[in-house]
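Scroll down for the structure; my scribbles are underneath it.
Per chain, numbering begins at 1; letters A, B, ... match sequence-line order.
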Amino acid sequence: MPRRLPRRFYDRPTLEVARDLLGARLVRIQDGRRIAGIIVETEAYCGEEDLGCHAKAGRTRRTEPLYGPPGYAYVYFTYGNHWLLCPVTRPAGQPEAVLIRAILPTEGLDAIEARRGRQPRPHWTDGPGKLAQALGIDGRLNTADLTAANSELFIESGRPVPDRFVTTTARIGLYTVPEPWKSLPWRFVAALPGDLTQLEEDA
DNA sequence: AGCACGATTAACT
DNA sequence: GTTAATCGTGCTC
């Protein structure tokens, strides 16, 4: 039986949280119904020292959620169109988070198709802005507590993804970020989507 | 007030 | 692989 990930899950080193979120299930409750998918791609963003992290700007109106306690959502707007979702990690005062970059849809397919059906199905939730659109995630969910019992956005434990299915690469989209941060292998990808859905069904 | 840029996407060559 | 779209944010003047 899947359970909602507790605050202590997020209160760990961000690279570990990013790795361990692979295979977990992102769940959005809307109109009393579940829209969900298995997390298959994440990225770690690690504080003010990490020049790829928004926290490099310090504590501002926008970055304030990053400085809060772990287990809350940092949802921000970018490129004039897109909302991106990041569970906050580490204790309050340490501005770190994990960007969820892709999921495999498992529940609420009709709702997802209604929002993403103009694109071919493989592209419904294969990007951070796409999955936010698919699940109806926007700025209203910024600072939402992912661990609260009545939360309409949370993450459930899944079956762990074995290391042989996990690859790491540099983070995406950091065009003007200097080295070494631009190239650090802080992106985690669960390969072989078919195998992952099989894992879930076996669970 | 103005400006450069962005943790992207979709469409195109 | 390349590029336009689009607007909030943070910084400078």
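Across all strands shown, A:Arg171 has no heavy atoms under 4.0 Å from either base or sugar-phosphate atoms.
The distance between atom NZ of A:Lys182 and atom C1' of B:dA7, rounded to the nearest whole Å, is 14 Å. Per the geometry, CG belonging to A:Asn81 stands 13 Å off P belonging to B:dT8, to the nearest Å. For A:Leu85 and B:dT8, the CG to P distance is 14 Å, given to the nearest whole Å. Atom CG of A:Asn142 is separated from atom P of B:dA7 by 15 Å (rounded to the nearest Å). Atom CZ of A:Arg101 and atom C1' of B:dT9 are 11 Å apart (whole Å). As a whole-Å value, the separation of A:Lys130 NZ from B:dA10 C1' is 8 Å. Computed from coordinates, the A:His123 NE2 to B:dA10 C1' distance equals 10 Å when rounded to whole Å. With rounding to whole Å, A:Leu99 atom CG is found 10 Å from B:dA7 atom P.
For A:Arg140, the salt bridge (charged side-chain N to carboxylate O under 4.0 Å, His left out) partners two or more places apart in sequence, or in a different chain, are A:Asp138. Residues that satisfy the side chain to side chain contact (heavy atoms under 4.5 Å, CB included) test with A:Pro185, not counting sequence neighbours, are A:Thr168. In this structure, the side chain to side chain contact (heavy atoms under 4.5 Å, CB included) partners of A:Arg4, at least two apart in sequence or on a different chain, are A:Ser151, A:Phe154. Not counting sequence neighbours, A:Arg121 has no partner by the side chain to side chain donor-acceptor pair (under 3.5 Å) test. Annotation: side chain to side chain contact (heavy atoms under 4.5 Å, CB included) contacts of A:Ala132 (sequence neighbours excluded): A:Trp83, A:Ile137. For A:Glu49, there are no side chain to side chain donor-acceptor pair (under 3.5 Å) partners two or more places apart in sequence or in a different chain. Every residue was checked against the side chain to side chain donor-acceptor pair (under 3.5 Å) condition with A:Thr167, not counting sequence neighbours, and none meets it.
Note on A:Arg118: every side-chain N or O is 4.0 Å or more away from OP1 and OP2 of B:dA11. OP1 and OP2 of B:dT9 both lie 4.0 Å or more from every side-chain N or O belonging to A:Gln133.
Looking at residues 50-59 of chain A, you'll see A:Gly52, A:Cys53, A:His54 sit with a heavy atom under 4.0 Å from some atom of DNA chain B.
Atom CG of A:Asp110 has more than 12 neighbouring heavy atoms from other residues, nucleotides or ligands inside a 6.0 Å radius.
The span of DNA chain C lying next to chain A, judged by atoms under 4.0 Å from heavy atoms, is bounded 5' to 3' by C:dT6 to C:dG10.
Salt bridge absent: A:Arg171 and A:Glu43 never bring a charged side-chain N and a carboxylate O closer than 4.0 Å.
Toward the 5′ end of DNA chain B lies the nearest nucleotide of A:Val177, the other residue of the pair A:Val177 and A:Leu131 mapping further downstream. Both A:Phe77 and A:Arg116 lie near DNA chain B, and the one whose nearest nucleotide falls closer to the 5' end is A:Phe77.
Taking a pair as Watson-Crick or G-U with both hydrogen-bonding distances under 3.5 Å, the stems of three or more pairs touching DNA chain B are B:1-6 with C:7-12, B:8-12 with C:1-5.
At a threshold of 4.5 Å between non-hydrogen side-chain atoms, the residues A:Leu5 and A:Leu146 do not count as touching.
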Below 3.5 Å, can you tabulate the donor-acceptor pairs from side chains in residues 111-119 of chain A to any protein atom, sequence neighbours excluded?
from	atom 1	to	atom 2	distance (Å)
A:Arg115	NH1	A:Gln30	OE1	3.3
A:Arg115	NH1	A:Ala134	O	3.0
A:Arg115	NH2	A:Gln30	OE1	2.6
A:Arg116	NE	A:Trp124	O	3.0
A:Arg116	NH1	A:Gln133	OE1	3.0
A:Arg116	NH2	A:His123	O	2.8

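The side-chain hydrogen bond (donor to acceptor under 3.5 Å, both in side chains) pairs that include a residue from residues 73-82 of chain A are A:His54-A:Tyr74, where partners are two or more places apart or lie in different chains.
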